[in-house]
Amino acid sequence: MSPTHRAVRLDGVTKQYGDGAQAVVALSEVSLVVPGGEYVSIIGPSGSGKSTVLNVIAGLDVPTAGRVELCGHDLASLSDDARSDLRLRAVGFVFQAFNLFPTFTVEENVAWPLEFLGVRAAEARRRAGATLERVGVHGPARRRRPAELSGGEQQRVAIARALVTQPSVLLADEPTGNLDTRTGELILDLLRDLNRERGLTVVLVTHSAFAASYGKRTLEFRDGRVVRDVRVPLEERPVELAARR
C-alpha cells in the first residue's frame, strides 16, 4: 500500500465493559487518524485505555459506539471471518510476553501464520528464514526452541512472526516491558528501522517516555481519552545505538 494511505481511523469510539453502576468506560469518544507509514507511540498510566485502543484497532474488541477503519475497511461492516482475514493479512502483533509456541522451533514459530494463507511449506520456510535474517536471528538459532533463547532473541522472533505475512500495520503492546534497558533499546531501534525502511505503520503502546520518544508522534491517554497529540521533532528522537556508546 502507498505510504500516504490512511492506515487507521477512529471516529468517536467508546468502549464500555459491563452495564449500570458497575460499568467501566475504557475508551470515551476517541477520534484519531494514523496515516500509512507513521510511527505513533501511545503512552499513559495503567487503565488509561492504551491496550484497549490496540484491541479496537485490530477488531479484537468491538466498540460500544463509534466507527473503526483499518486499512480502508469499516470493521463494523465485516463478518467475523472477514475481520480475522484482514487481521491476518494486514496486521502484525508484538506483545510484551512474546507468546511463542514452546514446542515449535524458531523457524516453525515464524512460518506458522503463513499456513493460514495457504503458503506451501518450502516457501513458508524460505520466507521465515528471510524475515528472521532481517531481524537479526541467524543460522543455528532458527532450529532452537524459545526456551533456549534470551529475552531479546525471543522478542526478535516475535517481531519476525508479526512481519512474515508482510502486514501494513504493526501493533506493539509494551514490547520492551520484559527486557533489560540495553536489549529494549535494540528492539526499539529495530522497530524504528522497519518503519523507516519499509514504510511500515507502527502503533506502539508503552508506559515509558523513552520508548515513546522513538515515534514520530505521541498520543497520551488519560481515563480513556486522548489528552495530548504531539509530533516529536527529529532532533529530539533517540540517536542510533552505535552513536550512544
Side-chain angles (χ1 to χ4, degrees), residues 1-3 5 7 36-40 54 57-58 60 70-71 84-179 183-205 211 214-215 240-241:
M1 292 185 181
S2 164
H5 80 284
E38 193 160 60
Y39 187 142
V40 177
L54 281 194
I57 289 170
L60 295 170
L70 176 63
C71 298
S84 295
D85 187 65
L86 180 62
R87 268 196 303 275
L88 178 63
R89 296 176 186 277
V91 181
F93 293 92
V94 181
F95 304 96
Q96 179 177 345
F98 314 141
N99 291 343
L100 300 174
F101 295 112
T103 60
F104 284 17
T105 66
V106 162
E107 188 177 80
E108 288 168 343
N109 265 284
V110 175
W112 172 73
L114 296 174
E115 295 182 21
F116 295 94
L117 294 176
V119 178
R120 292 181 181 273
E123 174 62 10
R125 287 195 298 272
R126 186 196 69 77
R127 286 173 59 174
T131 308
L132 284 163
E133 188 71 23
R134 173 62 192 85
V135 302
V137 180
H138 309 293
R142 300 177 192 173
R143 296 186 290 276
R144 296 174 185 159
R145 286 177 170 74
E148 302 174 75
L149 305 177
S150 69
E153 288 172 323
Q154 289 187 63
Q155 193 60 289
R156 287 177 182 270
V157 174
I159 293 170
R161 182 183 58 188
L163 295 175
V164 75
T165 58
Q166 300 180 332
S168 301
V169 179
L170 183 72
L171 303 178
D173 194 355
E174 299 281 8
T176 61
N178 285 337
L179 305 176
T183 303
E185 288 179 358
L186 290 168
I187 294 300
L188 292 167
D189 287 345
L190 175 59
L191 294 179
R192 178 195 54 206
D193 291 345
L194 290 165
N195 168 256
R196 289 177 177 175
E197 296 168 12
R198 293 184 44 178
L200 180 69
T201 305
V202 177
V203 182
L204 171 79
V205 159
Y214 274 72
E240 301 293 336
L241 182 64

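The structure displayed is predicted, hence computed values, not measured ones.
- Considering only heavy atoms from C-beta on, V40 stays 4.5 Å or farther from V202 through its side chain.
- Contact annotation: the side chain of R156 approaches that of L186 to within less than 4.5 Å [non-hydrogen atoms, C-beta and beyond].
- Separating the CZ atom in F95 from the CD atom in E174 is a distance of 13.0 Å, to the nearest 0.5 Å.
- Distance check: L117 CG to R127 CZ gives 7.0 Å after rounding to the nearest 0.5 Å.
- With respect to R143 and E148, no salt bridge is recorded, no charged nitrogen being found less than 4.0 Å from a carboxylate O.
- Note that CD1 of I187 is 12.0 Å distant from CG of N178, once rounded to the nearest 0.5 Å.
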| query | What's the verdict on salt bridge (Lys or Arg N to Asp or Glu O under 4.0 Å) for E185 and R192, showing C-alpha distance, side-chain angles and the deciding distance? | reply | CA-CA 10 Å; E185 288 179 358; R192 178 195 54 206; over 6 Å; no
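- Residues P167 and A162 approach most closely at CG-O, 3.3 Å, considering heavy atoms.
- Counting heavy atoms from C-beta on, the side chains of S168 and T201 never come closer than 4.5 Å.
- In this structure, the side chains of Q155 and P175 come closer than 4.5 Å at one or more pairs of heavy atoms.
- A distance-only check finds no donor-acceptor pair linking the side chain of R161 to the backbone of E107 [under 3.5 Å].
- Contact of the L54 side chain with the V203 side chain is registered, since non-hydrogen atoms from C-beta on lie closer than 4.5 Å.
- In this structure, R134 and L163 have side chains that are not in contact, with every pair of non-hydrogen atoms separated by 4.5 Å or more.
- Here the straight-line distance linking atom CG of L188 with atom CG of L179 works out to 9.0 Å at 0.5 Å rounding.
- Checked by atom type and distance alone, the side chain of E108 pairs as donor or acceptor with a backbone atom of T105 at under 3.5 Å.
- For the pair D85 and R89, the minimum side-chain heavy-atom distance is below 4.5 Å.
- In this structure, E197 contributes its side chain and L194 its backbone to no donor-acceptor pair below 3.5 Å.
- Once rounded to the nearest 0.5 Å, the distance linking CZ of R142 with CG of N109 reads 14.0 Å.
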| task | For the pair E123 and R120, evaluate salt bridge (Lys or Arg N to Asp or Glu O under 4.0 Å) and give the outcome as yes or no after the intermediate values. | result | CA-CA 5 Å; E123 174 62 10; R120 292 181 181 273; over 6 Å; no
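- No side-chain heavy atom of L100 sits less than 4.5 Å from a side-chain heavy atom of V106.
- Note that CG of D173 is 10.0 Å distant from CZ of F93, once rounded to the nearest 0.5 Å.
- No option in T131, L191, V164 other than L191 meets the side chain to side chain contact (heavy atoms under 4.5 Å, CB included) test with I159.
- Of the N and O atoms on the side chains of N195 and Y214, not one donor lies less than 3.5 Å from an acceptor on the other residue.
- Aromatic ring centres of F104 and W112: separated by at least 6.0 Å.
- Side-chain atoms of S84 and R87 form a donor-acceptor pair, as typed in the model, at a separation below 3.5 Å.
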